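Because the structure is predicted, anything quoted here is derived from the model rather than measured.
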Amino acid sequence: MRFCTPHPLTGSSGLGKSTLINSLFLSTIYEDDNYPQEKLPKTVKVQHSTVYLVEGGVSLKLTLVDTPGFGDAINNTKCWQPILEYIDAKYEEYLNAEGHVNRSTVVDNRVHCCLYFISPGHGLKPLDIEFMKQLHEKVNIVPVIGKADTLTPEECVEFKANVMREIENNDIKIYQFPVEELDDEEEETQDSQAQLPFAVVGSNTLLDINGKKLRGRMYPWGIAEVENPDHCDFIFLRNNLIRTHMQDLKDVTNNELYENFRCQKLAAVTSVNLDNKLASSNRNPLAQFEIEKKEHQERLKTMKLGMEQVMETKVKEKMTKMEEQKNELKQKHDHALKILEKLRQEVEAKKKELAENQKALEELQLASGVAVNNSTSSLNRCNTAAKTDTRNSPDRGASLAGGASLGGGASLPGGSSLLGGTSRSTSLSRGTSRGASPANRGTPTSSTRSRRRRKMVWCTQGLDDNDQ
């Protein structure tokens, strides 16, 4: 048989929690290496350890949860919150495991008992009262007075009475030990409920008293034995937690505390509020209808506003995107226009350069061939005029002897030659053909001679103008 039971240990530092656990299970659970002596940070932490106990074929897995740093800070506001969250987390794990198809392998890690250590003095501190108020509906609380060997028996009895009175006055629910009949073999002891809160002493030291090994603390005035009922309540605490009331602690946790947590969680999931349902059942149906109508209209209005906001946001995003595209297209268009203007200017420059080159070429061609063309046309006109005069003249034997020289190297019929540039010599010779006789050719008159001279002078002037 195997049991699994977690127990948290809570209380201020220095009350002997770790020493009590080592004494409770007769083993060294908290060693000096694992539980250092130097100052811990002033924050509440949750540390758990696991202990395996085997006795009479029964295996017990006990999980101990310690809270170092509890109550050590200057401001202890809500210092119990990590402990409360730890307990709720274990309940939540168990609740989720119950929702699985196979629930036979569900591991019970719920917290079944909380040993709350109280510092010896005159009564409960405000932190003690507030802590137990926060946790008394979540876990079974067993109050324990630590370092009870610092109190005399009379002081211990009085302190116990003060603690229980303050617990009752503040409506704090602690674990109620059931009354059970003792076996004949067992030694009769006092009622467990009457022993609350348990005043305990812990020690890891084995003392040799008259050849007997026992755990206790040695003082100059005597020895405080851990397992002596006359010195402390250690035996009652160990028997109630491990031997007699372990299963009852688990039953109370499962049937009361866990069920309350489960109901709260399931009630929070449901969308129907019981209070609102009870209040609505007492209203007039028409009034209820009007209320529901207003609520429906409010929901529609809210939905409409939400849709309008969404639509407005989408329109703004679309307009922004379109504006960006427009600016991008405009930039591309301006860039294309700049490139086109640059190409146009280059084409204009090329055309202008081509026109200038063509004009220069034409001027060069004209400079080389205009003089020859003009001289040839003038000579042709002179020859035509001379031939006409010769045909019309009675003296057909007249001829142009080669006395006229013109630039350009052209030779005129009848002896005229065109020689270089500006120097020219024109001689007009008149005569008759040596083969002609006076009888056949008439003697030219003065008018005929004058007309010939004028023709020759005109031809000569024409040649001069062309040369210029």
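When all heavy atoms of Arg215 and Ser203 are compared, the closest pair comes out as NH1-O, 3.2 Å. Shortest non-hydrogen contact noted between Ser119 and Lys125 is CB-NZ, 4.3 Å. Taking each heavy atom of Cys79 and Pro82 in turn, the nearest pair found is O-CD, 3.5 Å. Nearest heavy-atom pair, His136 versus Leu257, reported as atom, atom and distance to 0.1 Å: O-CD2, 4.4 Å. Considering every non-hydrogen atom in both Ala148 and Ala199, the closest pair reads CB-CB, 3.5 Å.
Looking at Tyr91, its side chain does come within 3.5 Å of a backbone N or O of Lys138 through a donor-acceptor pair. Checked by atom type and distance alone, the side chain of Gln81 never pairs as donor or acceptor with a backbone atom of Lys78 at under 3.5 Å. Remark: the backbone N or O of Ala224 is not paired with any side-chain donor or acceptor of His231 at under 3.5 angstrom. Side chain of Asn170 to main chain of Ile172: no donor-acceptor pair is present (N/O by atom type, distance under 3.5 Å, no hydrogens or angles). Judged by distance alone, the side chain of Asn162 and the main-chain N or O of Gly123 form no donor-acceptor pair under 3.5 Å. No donor-acceptor pair under 3.5 Å is formed between the side chain of Glu225 and the backbone N or O of Gly216.
Side chains of Ile235 and Arg238 form a contact here, defined as non-hydrogen atoms less than 4.5 Å apart. Ile118 has its side chain out of reach of Val144: every pair of non-hydrogen atoms, C-beta onward, lies at least 4.5 Å apart. Lys326 is not listed as a side-chain neighbour of Met322, based on a closest heavy-atom distance of 4.5 Å or more. Thr244 is not listed as a side-chain neighbour of Phe177, based on a closest heavy-atom distance of 4.5 Å or more. Side-chain contact between Leu337 and His333 is present, with heavy atoms from C-beta onward closer than 4.5 Å. Contact of the Lys160 side chain with the Ile145 side chain is registered, since non-hydrogen atoms from C-beta on lie closer than 4.5 Å. Contact check for Met319 versus Glu323: no side-chain heavy atoms found under the 4.5 Å cut-off. Side-chain atoms of Leu196 and Met164, non-hydrogen and from C-beta on, do get closer than 4.5 Å to each other.
A salt bridge between Glu346 and Lys350 is absent, with no side-chain N of the basic residue lying under 4.0 Å from a carboxylate O of the acidic one. Using a 4.0 Å cut-off between charged nitrogen and carboxylate oxygen, Glu341 and Arg344 count as a salt-bridge pair.
Rounded to the nearest 0.5 Å, atoms CE (Met307) and NZ (Lys314) are 9.5 Å apart. Considering NZ of Lys250 and NE2 of His112, their distance stands at 5.0 Å, rounded to 0.5 Å. Taking OG1 of Thr205 as the reference point, atom CG of Leu214 lies at 11.0 Å (rounded to 0.5 Å). Of the inter-residue distances, the one linking Glu93 atom CD with Asp88 atom CG reads 11.5 Å to the nearest 0.5 angstrom. With values rounded to the nearest 0.5 angstrom, Leu266 atom CG is found 9.0 Å from Glu259 atom CD. Atom CG of residue Asp233 and atom CD of residue Gln195 lie 5.0 Å apart, to the nearest 0.5 angstrom.
For the 3.5 Å distance criterion, the side chains of Thr63 and Asn109 fail to qualify, holding no donor opposite an acceptor.
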- Item | Pair Leu127-Trp80, side chain to side chain contact (heavy atoms under 4.5 Å, CB included): steps then yes or no | CA-CA 9 Å; Leu127 179 61; Trp80 55 82; 4.3 Å; yes

Inset, instruction - Would you please test Cys232 and Leu237 for side chain to side chain contact (heavy atoms under 4.5 Å, CB included) and show each step? - result: CA-CA 10 Å; Cys232 67; Leu237 177 63; over 6 Å; no

Exercise for the section: Using the salt bridge (Lys or Arg N to Asp or Glu O under 4.0 Å) rule, take Lys321 and Glu324 through it: C-alpha gap first, then chi angles, then the decisive distance, then the call. Expected result: CA-CA 5 Å; Lys321 187 176 181 180; Glu324 292 176 355; over 6 Å; no

ring-ring contact (aromatic ring centres under 6.0 Å, His included) between Phe234 and Phe236, worked out: CA-CA 6 Å; Phe234 178 82; Phe236 300 109; over 10 Å; no

Could you check Met246 against Leu241 for side chain to side chain contact (heavy atoms under 4.5 Å, CB included), going step by step and ending with a plain yes or no? CA-CA 5 Å; Met246 179 181 291; Leu241 288 181; over 6 Å; no

For this session: Check the pair Lys294, Glu298 against salt bridge (Lys or Arg N to Asp or Glu O under 4.0 Å), reporting the backbone distance first and the verdict last.
Result: CA-CA 6 Å; Lys294 290 181 180 179; Glu298 289 294 331; over 6 Å; no

- Item | Worked check of side chain to side chain donor-acceptor pair (under 3.5 Å) between Glu256 and Asn260 | CA-CA 6 Å; Glu256 295 181 14; Asn260 293 336; over 6 Å; no

Audit row: Asn254, Arg110, side chain to side chain contact (heavy atoms under 4.5 Å, CB included) steps and yes/no: CA-CA 9 Å; Asn254 183 71; Arg110 294 172 295 180; 2.9 Å; yes

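Under the side chain to side chain contact (heavy atoms under 4.5 Å, CB included) rule, Ile141 has a single partner from Ile167, Leu135, Leu115, which is Leu135.
For Glu158, there are no salt bridge (Lys or Arg N to Asp or Glu O under 4.0 Å) partners two or more places apart in sequence or in a different chain. Residues passing the ring-ring contact (aromatic ring centres under 6.0 Å, His included) test with Tyr94, sequence neighbours excluded: Tyr258. With sequence neighbours excluded, the residues that form a side chain to side chain donor-acceptor pair (under 3.5 Å) with Glu292 are Gln288.
Ring orientation note: the planes of Trp221 and Tyr219 are close to parallel, at an angle under 30° on the 30°/60° scale. The aromatic rings of Tyr116 and Phe131 lie parallel to each other, with less than 30° between the two planes, well short of the 60° mark.
For Gln358, the CD atom is loosely surrounded, since the number of other residues' heavy atoms within 6.0 Å does not exceed 12.
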